[in-house]
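Numbered from 1 within each chain, the chains take letters A, B, ... in sequence-line order. Computed over heavy atoms, backbone and side chain alike; hydrogens, waters and symmetry mates excluded.
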Amino acid sequence: MPGFAATNNTVSGVAAQVDGVFLFITLVGLFFFVLTQGFLIYFALRYRRKKREEPAETPYITGSHWLETLWVVIPSLVVLAIFIYGYLVYRTIRTPPADAVEIQVTARQWLYQFTYPDGRTAVNEVRVEVGRPVKFLMKSADVIHGLYLPDFRVKMDILPGSYTYLWVQPEQVGKYEIYCTEYCGTGHSVMRAVMIVMNHEDYGRWVKQEEKPETLSLTKKGEKLTENSGCLACHSLDGTARVGPTLKGLFGKKVALADGKSVVADETYIRESILEPNAKLVQGFPPVMPTFQGVLKDEDITAIIAYIKTVK
Amino acid sequence: MSGTESHGGETPAQALATAKLGIWTFLATEVLLFGGLFTCYIVFRLKYPELFYTEHLKLNRPLGLVNTVVLITSSLTMALGIAAMKQGLRRRATACISLTILLACGFLGVKYVEWSEDFSHGLYPGTNLFFSLYFMMTGLHGIHVVAGICALCWVLVLARRGRFSPEYSTPVEITGLYWHFVDLVWIYLFPLLYLVG
Amino acid sequence: MPDDIAPSPPADRGYLTEKGFLSWACTLDHKRIGLLYLGTTLLFFLVGGVFALLLRMKLMYPGEELFSNKAYNVFFTLHGIMMIFLFIIPAIPSALGNFLIPLMIGARDVAFPRLNIFSYWIFLAGIIVILASLASPLDTGWTFYTPYSATTGAAVTVLSFGIFLVGMSSILTGLNFIVTIHRLRAPGLTWFRLPLFIWSMYATSIIQVLATPVVGITFLLLAAERIFGVGFFDPAKGGDPLLFQHFFWFYSHPVVYVMILPAMGIVSEILPVFARKPIFGYKGIAYSSLAIAFIGFLVWGHHMFVSGMSDVAGIIFSFLTFFVAVPTGVKVFNWIATLYRGSISLDAPMLYSLTFIFLFIIGGLTGPFLGALATNVHLHDTYFVVAHFHYTMMGGTVIGLFAGLHYWFPKMFGRMYSERRALTAWLLIFFGFNITFFSMFILGVQGMPRRWAEYPERFQPLHIASTAGSWFLALGTVLMFWNLFRSLFRGGPAQPDPWGSKTLEWRTGSPPPTHNFAEIPTVTEWPYGFGKKEKERE
Amino acid sequence: MLNTSSTKAYRTYILVWLALLVLTVVTWLVSYVHLGMLNVTVAMLIASMKALLVALFFMHLRYENRLLWAFAIIPLGFLTLIIGGTLADVLLRD
Ligand code: HEA
Ligand code: HEA
Ligand code: CUA
Ligand SMILES: [Cu+2]
């Protein structure tokens, strides 16, 4: 944003336009700020009287029609201008180009699942091509969430029961953060994702690689999936408990369950924990883990389990 | 509601005007309290006209009609009671107020029958949006009827104790205005819920 | 301390003479009821302030340090609920309004004294119910958006009834004031001779009476949603979660003017007295209160621009939002014009009033950033909003309340406070406040979302600055209250009219007697007749 | 206000009551005739006539001053506000 922001506004045309409105209002605001505060402070000092001093004689001024009309009319015109400018840019924000790539977003506590037009899915990470407009078609599986791309100056709430949309046309290669901006419970602040903007060649290469069978080792693939599926929002790898229990040293450990029983964390248990998180609840943790049924494929879970085995 | 206390060396007529302003302000808040429910009703009826049509047929129209007549009549007896009180006809006034209370209880009785019937058909708040609205609206109205009965009983006791005169009958008039308002709300609820769904 | 005045209690304790629990709990005296509200609401300001300090502590660190994210969510919810429902909404209207309205209009009490104490009891009952809901702490934010609030395990149902009660108390108070102002004005006190505080309280009362019932029904429906599953807000049942937001903001936007209008009224009283000048544009200020109250009802949708509401509604609401700025501007300009060629003494009440204007302008001028559609999309639910509303509520209303407390303290208790300590406190508050909250504007523009317990590390430096500011702010606040509190017992006696004011409350003892006036005064002119007319000066 | 000729007052009340009953029966009968959207309009028109009768006569609005009229009408204005604002969203959402 103008002046003091950590982000720049060349990432998209819309961002630059929004910053234009921001700048305009800042200038208007600054004008009225200097005007009012200036007189306020000037008068307060200029006409000041010393403590315990008798008040000086003051004029009996009760108003002035033309002055008051002036400061009704001028602000009215100014705010009208702000409204119109804000509205014009808003129209751009709300009108996606017809050729935009449509990416479906399903939000749930506390992750985003992206579905590409060809059916591939990814969690908390979405890759797009530079220069190609993208339209996110969004709905929520539980409560209201938000999707906010601060660098692009756009955000939209994600509702259960109906679709909302948001579009961007990234002009710069890079990694951009996505934040959840509608309060959605305990994990609200860890509900983040990234949008990776790639150039044409890289994007093509990535699509190909995704289509080809995995060349990575099973544990490497598992590591990648654990990172990208949002597990780390709730589970640590270093032994601290976050929203959920740590994954460190989990495999083979005896886990105390909420119903007083206990269970050894083997492949079956971990698979079940991922597909039906509420079937066996770990003692001391709330039943908030989302199911990954339909999000992670069978072989993905196998890879994750293989990876969890290595986190010691 | 109970804002009938006035003071400050006013004449009874001034005190009455003050109390009236108070109760009308209170009724203004009531309009907006019910207003939330009416807004829900309009929104959902525009969204799901068929649901409202099919579901409203499940209500007991004759009982709704009876209740409308009962409530309108209770408004009449209330108005007559106030007029009588202003003439100093205490016996007639207390009779009218008692009748009003009786009719109000009758209204609640009929509501009780209706609701039990609904429950026995498995219709609850939460069954669908129409019945949620039906129960919330008639429920909130019912609470107002109960409050009205309490106020009327209090007025009746005061009347029996001879607290009122042609010059001073402020509590009776105030309660009357509240009671007519309760009637007014029903005048809209009846067609909205029973007749046009 | 040189400033300290020997503890010699005022000879006549006025309405404070009678002692004992019942003489307070069952009092019908509007002044005592006002003090009851004042004590209760200030208590919740302090408790809410302690929660704020906890929030700020946690936000020094980007990770899950100090306490859990869940606890953070509970703390900001409680901070919001206490500050809004238990402090700021009742603080000026119910406390100062109750104390001052009858005195200022030359009446012996409000129109319905019993209703008045009754609404205080309801308020207490509401508080108790709200506190009972702490058994299962709330984590919804003060906005209670469905479906989260309808499904969370926290005690939202209990809380709903608490809010309903508190709301009812607010309604009854507003009702009482409307009728009082209409019916009990002293002889000769025509509408255009009314003090501007009365005008602002009249406008406030209208909002309380017409908007609060809607929040009442909203919370009843929320409770019904949780108890019966009525489904109005539940998309699975065909309901609409945005309907809740409409209802909530239909109340909660106008209510920001319930907070700010009385503070504006206070400032309009103080400025002419300390500048020894008539208020500039009396009618403009009076009518703008009504205009703000009315336009305030038309703009609630500006909280919902990115909620999925229809674009047309968004455009309408954005358009209307801007027109609140016009009557507000009239007030600001008129206040500043009042200072012109005055003879200004910067005593504590005046200093706080000028600070109110200074900070409120910043808070107000950031409103158009949020009201403009394009920028709102970027700024919504970021710290920009948090900064905006703290500048208006803390910098505006609370500072206005402080101004009022210093101004009417001698009238309320018949004692003076230490001016020097009041100025030290002001210094700490002023700088602490700006450090705390100005950083938040920058954070917001950079994209820091609100209600976030953890955040990306790049935001940390500004958060640390903000937290450091909050400590100065807390220190100043505590010092200010300490100054007033100890003056309750040790302050020197106050004159009936220590500031040379002309409104009616100064025409009776300090503290006033139980029935306010020995004889009801007759009013012959407006209360701002300071200064000399040109022809008289010759 | 109602003055001494209160037999006339009683008569007015009873006439109003009769009118209310008649209107109730009419709205009841009309509801069996299928008029499409008109059904709602007719029902609301009749309800408003009834409401007006109650307000004017039973609630004495007819005999009250302008201030009280304002207090009675203003809340209705705000009721239309909340309904209108909400509909501006709900009806026009895509
Ligand atoms: C006392 C409380 C108070 C006050 C007075 C205001 C005043 C205003 N507010 Fe604020 N607001 C809040 C409390 C308040 N607000 C709160 C609590 C929230 C957040 C709720 C939540 O989500 O938790 C909020 C949120 C909020 C939003 C929603 C943000 C979002 O979540 O997306 C918006 C959007 O339009 C907004 C706008 C305004 C405007 C236009 C004014 C105007 O009234 C301001 C008018 C004043 C001026 C403009 C300054 C003086 C005028 C001049 C000097 C004249 C010249 C000026 C011009 C020509 C512009 N506010
Ligand atoms: C009147 C309203 C009001 C007031 C005065 C304040 C005052 C303060 N508020 Fe708050 N605030 C809100 C209303 C208010 N707030 C609302 C509505 C929200 C939104 C909640 C939500 O999102 O749901 C919010 C949210 C909010 C947040 C954002 C949380 C988030 O989104 O993650 C923060 C963060 O810094 C904050 C900080 C502060 C601070 C530092 C103060 C300071 O000004 C406080 C100063 C006061 C003190 C420091 C008290 C001093 C007292 C003591 C030190 C104790 C002494 C004890 C005794 C003598 C017994 N507030
Ligand atoms: Cu999802 Cu906040
Ligand atoms: Cu608002």
Side-chain angles (χ1 to χ4, degrees), chain A residues 1 4-7 18 21-22 25 29 32-33 36-37 39-40 43-44 47-49 55-63 68 71-72 75-76 79 82-83 86-87 89-90 93-94 143-144 146 148 150 153-157 159-162 164 179 181-186 188-190 242, chain C residues 64 69-70 73 141 145 147-148 235 241 276-278 280-282 284 306-308 311 315 318-319 322 325-326 329-330 332-333 336 339-346 354 357-358 361 365 368-369 372-375 377-378 380-381 442 445-447 449 451-455 458 530-533:
Chain A
M1 287 255 126
F4 42 68
T7 51
V18 173
V21 182
F22 192 94
I25 307 177
F32 282 104
F33 179 82
T36 51
Q37 311 288 37
F39 277 115
L40 180 74
F43 287 163
Y47 300 114
R48 190 168 168 201
R49 111 175 88 104
E57 204 163 79
T58 57
Y60 189 80
I61 305 172
T62 58
E68 288 189 72
W71 56 58
V72 167
S76 299
V79 291
I82 299 179
F83 163 73
Y87 160 68
V89 173
Y90 180 71
I93 297 178
R94 294 291 298 159
V143 301
I144 303 180
Y148 177 32
R153 320 284 193 261
V154 288
K155 74 162 68 69
M156 190 69 205
D157 281 4
L159 301 173
S162 54
T164 52
Y179 301 152
T181 43
E182 195 55 76
Y183 177 69
C184 53
T186 312
H188 170 54
S189 61
V190 291
R242 291 170 62 95
Chain C
E64 190 165 10
N69 294 358
K70 168 106 186 164
N73 297 344
Y145 277 12
Y148 186 70
R276 312 309 300 170
K277 274 267 317 287
F280 188 91
Y282 173 93
V306 301
S307 68
D311 286 346
I315 291 161
S318 169
F319 178 77
F322 285 106
V326 176
V330 168
V332 170
F333 295 126
I336 293 174
L339 300 179
Y340 171 67
R341 290 177 66 194
S343 175
I344 299 168
S345 73
L346 294 181
L354 296 176
I357 302 178
F358 182 88
I361 288 178
L365 283 176
F369 289 90
L373 286 159
T375 38
V377 171
H378 175 46
H380 170 76
D381 264 4
I442 306 172
V445 172
Q446 293 179 344
R451 295 174 172 171
W452 266 31
E454 295 179 38
Y455 54 85
R458 67 189 165 99
F530 302 101
K532 277 220 173 100
K533 299 194 173 78

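Here C/Tyr148 and A/Tyr183 bring their ring centres to under 6.0 angstrom of each other.
Interface remark: C/Glu454 contributes backbone and side-chain atoms alike to the contact with chain A (heavy atom separation under 4.5 Å). Interface residue A/Ile93: only side-chain heavy atoms are found under 4.5 Å from chain C. Both the backbone and the side chain of C/Ala453 come within contact range of chain A, each with at least one heavy atom under 4.5 Å from a heavy atom of that chain. Only the backbone of C/Tyr282 comes within less than 4.5 Å of a heavy atom of chain A; no side-chain atom from C-beta onward does. Only the side chain of C/Pro241 comes within contact range of chain A, with heavy atoms under 4.5 Å apart. Heavy atoms closer than 4.5 Å to chain C are found in the side chain of A/Arg94, but not in its backbone.
Contact detail for C/Ala374 and A/Val21: the closest heavy-atom pair is CB-CG2, 4.1 Å. Nearest heavy atoms, C/Asn69 versus A/Thr186: CB-O, 3.9 Å. Residues A/Gly86 and C/Ala372 share a closest heavy-atom pair of CA-CB, 4.5 Å. Of all non-hydrogen atoms in A/Tyr179 and C/Pro449, the two that sit nearest each other are CD1-CG, 3.5 Å. Minimum heavy-atom separation, A/Pro59 to C/Lys277: O-CD, 3.3 Å.
Heavy-atom pairs under 4.5 Å with chain C were tallied for A/Thr36, A/Val154, A/Ile82; the largest tally goes to A/Thr36. Listed options A/Val190, A/Val89, A/Thr62 were ranked by heavy-atom pairs under 4.5 angstrom with chain C; first place goes to A/Thr62. Among A/Ser76, A/Ser162, A/Gly146, A/Pro75, the residue making the largest number of heavy-atom pairs under 4.5 Å with chain C is A/Ser76. For the set A/Gly63, A/Cys184, A/Ser189, the entry with the most heavy-atom pairs within less than 4.5 Å of chain C is A/Ser189. Ranking C/Gly329, C/Gly281, C/Pro368 against chain A, the residue ahead of the rest is C/Gly281, based on heavy-atom pairs under 4.5 Å. For chain A, the option among C/Ser318, C/Gly284, C/Gly308, C/Ser307 with the highest count of heavy-atom pairs below 4.5 Å is C/Ser307. The candidate from C/Tyr455, C/Phe333, C/Phe530 with the greatest count of non-hydrogen atom pairs under 4.5 Å with chain A is C/Phe333. If you tally non-hydrogen atom pairs under 4.5 Å between each of A/Gly29, A/Gly161, A/Gly185 and chain C, the highest count goes to A/Gly185. Across A/Tyr87, A/Phe33, A/Phe32, A/Tyr47, the residue that shares the most heavy-atom pairs under 4.5 angstrom with chain C is A/Tyr47.
To the nearest 0.5 Å, atom CG of residue C/Leu354 and atom CD of residue A/Gln37 are 10.5 Å apart.
The aromatic rings of C/Tyr340 and A/Phe43 lie tilted to each other, with the angle between the two planes from 30° to 60°. Using the six-membered ring where Trp is involved, C/His378 and A/Tyr148 have ring planes that are tilted, between 30° and 60° apart. Using bins of under 30°, 30° to 60° and over 60° for the plane-to-plane angle, the ring pair A/Trp71/C/Phe280 lands in the tilted bin.
Remark: A/Thr164 engages A/Met138, A/Met156, A/Leu159 in a side chain to side chain contact (heavy atoms under 4.5 Å, CB included) (not counting sequence neighbours). In this structure C/Phe369 satisfies the ring-ring contact (aromatic ring centres under 6.0 Å, His included) test together with A/Phe22, C/Phe384, sequence neighbours excluded.
Side-chain contact check for A/Tyr90 versus C/Asp311: some heavy-atom pair is nearer than 4.5 Å. Taking the side chain as every heavy atom from C-beta outward, A/Ile144 and C/Pro147 approach each other to under 4.5 Å. Between A/His188 and C/Asn73 there is no side-chain heavy-atom pair separated by less than 4.5 Å.
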Could you go through A/Arg153 and C/Val377, starting from their C-alpha distance and side-chain angles, then the distance that decides it, and tell me whether this counts as side-chain contact (heavy atoms from CB on, under 4.5 Å)? CA-CA 7 Å; A/Arg153 320 284 193 261; C/Val377 171; over 6 Å; no
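Counting only distance, with no hydrogens or angles, the side chain of A/Thr58 and the backbone of C/Ser343 share no donor-acceptor pair below 3.5 Å. For the pair A/Glu68 (side chain) and C/Val330 (backbone), a donor-acceptor distance under 3.5 Å is absent.
The environment of CZ in C/Phe358 is crowded: more than 12 heavy-atom neighbours from other residues, nucleotides or ligands sit within 6.0 Å.
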